[in-house]
*Asks:* 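Please see the structure below; I have some questions.
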2 protein chains.
Amino acid sequence: MTRASARTTLADVARAAGVDVSTASRVLRGEATQRIREDTKTRILQSAETLRYRPNSMARALRTSTTSTLGIIVPQLDNPVFSAAIRGAESAASAEGYSLLISHRAPGQTASTITNLSQINRVDGLLVASLDDDEILRSDLKAADVPYVVLNRMLGGAPLTVVLDSRAAALRATDHLIGLGHRRIAHLSGRAGGFNAGERLSGYKDALRAAGIDWDDRLVRAAGYTFEGGRSAMKELLPSAPTAVMAATLVSAAGAMSVLHDSGLTIPDDVSVIGLHDAAVAEMLYPALSTVAMPTEEMGRVAADLLIRLLRGENPDNVAALPPGELVLRASTAPPTV
Amino acid sequence: MTRASARTTLADVARAAGVDVSTASRVLRGEATQRIREDTKTRILQSAETLRYRPNSMARALRTSTTSTLGIIVPQLDNPVFSAAIRGAESAASAEGYSLLISHRAPGQTASTITNLSQINRVDGLLVASLDDDEILRSDLKAADVPYVVLNRMLGGAPLTVVLDSRAAALRATDHLIGLGHRRIAHLSGRAGGFNAGERLSGYKDALRAAGIDWDDRLVRAAGYTFEGGRSAMKELLPSAPTAVMAATLVSAAGAMSVLHDSGLTIPDDVSVIGLHDAAVAEMLYPALSTVAMPTEEMGRVAADLLIRLLRGENPDNVAALPPGELVLRASTAPPTV
DNA sequence: TTGAAAGCGATACCAG
DNA sequence: CTGGTATCGCTTTCAA
């Protein structure tokens, strides 16, 4: 009960060209070290062409225990940060002859996903973005025993990591608000305890300190990475009457804006709002959201490059945090109306 | 130069249990047809357990020419429609012991993606969502020679297809507007010539006709699936002074709302807006967008199920278009102010 | 109930 | 420069 249509094999090509499979294998793989007579080479190439030969990747993988594919695991797909990272990783991978397998997994399921990708689908290495706790992620990764690069967060013990400079981004966003004349600037921070959340909070503090603005902890609330989180954080912030809000993410910024609208406040006249990361949704909000762009696609590219060099046996150095992109001014920020 | 740490193989397990590999293979795979003595069975299971044996999927695939993995190709990742479909497909696949490989590709590149997935990564079958032209997609699919199910659009010649009932959804959305008292209802349609665009336009017409409202072609504009498309279509619509807009997608609805805001019109007092598909972004818009929910996750689930049954040699019937979900009322729709 | 052996389709080492 | 041939790890007849 064979379903598969008989595909052309290397043996077919060899037979057609009147050579041994080993010879055919050499030329078809472009073996650099061995020389082969020009005419037999063309003969083989020709037969391969006409027979539409496609190497069986399973056989090759079994023999070489290598698949030329990378896996990327992200916590969610419908998030511009990760989809951009995927784009970047994909382009870097394919430029080096690797293909990329995408997988997404809810928090806590990272372990099984890693196992799946590395054992069932056989990737040579993994790009991992996860929101899980350090401890958990670390042990999951160790158990999988596959080369990997961690994305978008630091992880103690992980040899290779690519992160964005969230601190600099937060500083830049806050600076913009300060430059506009704001002094009561609220901050919607990310997941409490998260790496990026901490960095962004630091950037926010840096900016305040440099401007000589006193720290007021009633102006900072954890909003997580959800619309609802942004909403409830903003509600708590309202009594402190900020004139501007620096949100750690686009989604939490959206939540904040929704609360502001509900309370009859006008953006940016009554309250300015700025978010970190730039993506299509920033333009869809009302008013269009000012942001600090982040090189998320670049992050994916760099991570994939690192991983590939690792797989090639090189010993790549860890890269510095990627600096933020431009300040994208839209309609949501303006000087405070005194 | 072996990099791979020597993994436990079936031979190791067999040796440890004092049996032949063939016997070990039988029990480990739960072979139903052959009987095996209870104690040798447990002995083998035990050794596998302690040696932490994991079958080499490449070897198995090479031998059986089957991978137990499905591939899904979507045109974009950061689109709630497709990420929901992926979620659905993944859950259906894993429930049947299949894993899912995700791939995304820009228009026009579907061919190479199909090739990659089916030849390099060896999926048993493909779930394909594409925005490409019928003709192109058809030939790409034929060339790949792999079982497939088409997602989210009809395709002449494709044996199996799963679509949403866009026509019914558009009807429901338009009906809502009509029920509110609107008579000058504009429609932002999708990609001209696209399957879903046509369906939605029909649904819109159905609703008008049923309500005895005359068709006015100045009230319909193609907006595609982008924010900018929504904007320019809405700009052209403005002179016709609609009191309500039914947008084919969330993004085009957002574009329309942005133009409405720019023109100093109030939503929903001056113009009501409703969109098809419900997703998180609907809530982030201002005012929050009323929508008709669509069973996109279900679409993925159904498609994966169909594909798996196809792979098992069954001859599944094509399913009917999936009916729309609920009308989700938010703040963007209201009776016209006369 | 179990074992022996023949491949699946490629790669790579060793001869010639 | 080219041909043999032994694997890679597993599944699957065919015998015993």
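Both backbone and side-chain heavy atoms feed into the values below; hydrogens, waters and symmetry mates do not. Order of the sequence lines sets the chain letters (A, B, ...), proteins ahead of strands, with each chain counted from 1.
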*Asks:* Can you tell me how far C1' of C:dC8 sits from CZ of B:R122, to the nearest Å?
*Replies:* 11 Å

*Asks:* Using atom CZ of B:R15 as one end and atom C1' of C:dT2 as the other, report the distance to the nearest whole Å.
*Replies:* 18 Å

*Asks:* Can B:N56 and A:R122 be counted as having a side-chain donor-acceptor contact under 3.5 angstrom?
*Replies:* yes

*Asks:* Considering only heavy atoms and no angle criterion, is a donor-acceptor pair shorter than 3.5 Å present between the side chain of A:T9 and the base of C:dG9?
*Replies:* no

*Asks:* Nearest-Å distance, CZ (A:R60) to C1' (C:dG9)?
*Replies:* 11 Å

*Asks:* Remember a base hit wins even if backbone is also touched, and classify B:T64 as base, sugar-phosphate or nothing at under 4.0 Å, heavy atoms.
*Replies:* sugar-phosphate

*Asks:* Out of D:dC10, C:dT11, D:dT2, which has the shortest distance to the side chain of B:A59?
*Replies:* D:dC10

*Asks:* Rounded to the nearest Å, what distance is computed from the CZ atom of residue A:R63 to the P atom of nucleotide D:dA6?
*Replies:* 12 Å

*Asks:* Using a strict 4.0 Å threshold on nitrogen-to-oxygen distance, state whether A:E38 and A:R43 make a salt bridge.
*Replies:* no

*Asks:* Would you mind reporting whether A:L126 and A:L117 have side-chain heavy atoms less than 4.5 Å apart?
*Replies:* yes

*Asks:* Under 4.0 Å between a side-chain N or O of A:S25 and OP1 or OP2 of C:dT11?
*Replies:* yes

*Asks:* Using a cut-off of less than 4.0 Å, is there contact between a side-chain N or O of A:T40 and OP1 or OP2 of D:dC1?
*Replies:* no

*Asks:* Between the side chains of A:S99 and B:N116, does any donor sit under 3.5 Å from an acceptor?
*Replies:* no

*Asks:* Taking only the side-chain heavy atoms of B:D20 (C-beta and beyond), determine which of C:dA10, C:dG3, D:dG3 contains the nearest atom.
*Replies:* C:dG3

*Asks:* As a test of reading the structure: which of C:dC8, D:dC8, D:dT2 is closest to the side chain of A:L62, going by heavy atoms?
*Replies:* D:dC8

*Asks:* Going by an N to O cut-off under 4.0 Å, is there a salt bridge joining A:R7 and A:D12?
*Replies:* no

*Asks:* Give the intermediate values and the outcome of salt bridge (Lys or Arg N to Asp or Glu O under 4.0 Å) for residues A:R87 and A:E90.
*Replies:* CA-CA 5 Å; A:R87 265 199 308 282; A:E90 198 158 66; over 6 Å; no

*Asks:* I need the CZ-C1' distance between B:R26 and D:dT13, as an integer number of Å.
*Replies:* 10 Å

*Asks:* Using a heavy-atom distance cut-off of less than 4.0 Å, which residues of residues 42-57 of chain B contact DNA chain D?
*Replies:* B:Y53, B:P55, B:N56

*Asks:* Give the rounded distance in Å between these two atoms: CG of B:L28 and P of D:dT12.
*Replies:* 14 Å

*Asks:* Got a second to check how far A:T113's OG1 is from A:D140's CG, nearest 0.5 Å?
*Replies:* 9.0 Å

*Asks:* Kindly say if B:R29 contacts the phosphate of D:dC10, meaning a side-chain N or O under 4.0 Å from OP1 or OP2.
*Replies:* no

*Asks:* Just how far, in rounded Å, is P of D:dT12 from CG of B:L10?
*Replies:* 12 Å

*Asks:* Does D:dC1 have OP1 or OP2 sitting under 4.0 Å from an N or O in the side chain of A:R35?
*Replies:* yes

*Asks:* Start at the 5' end of DNA chain D and walk down; is the nucleotide closest to B:M58 or to B:T23 reached first?
*Replies:* B:M58

*Asks:* To the nearest Å, how far apart are A:Q119 CD and D:dC10 C1'?
*Replies:* 16 Å

*Asks:* Please determine, by modelled atom types, if B:N196 and B:R191 share a side-chain donor-acceptor pair under 3.5 angstrom.
*Replies:* no

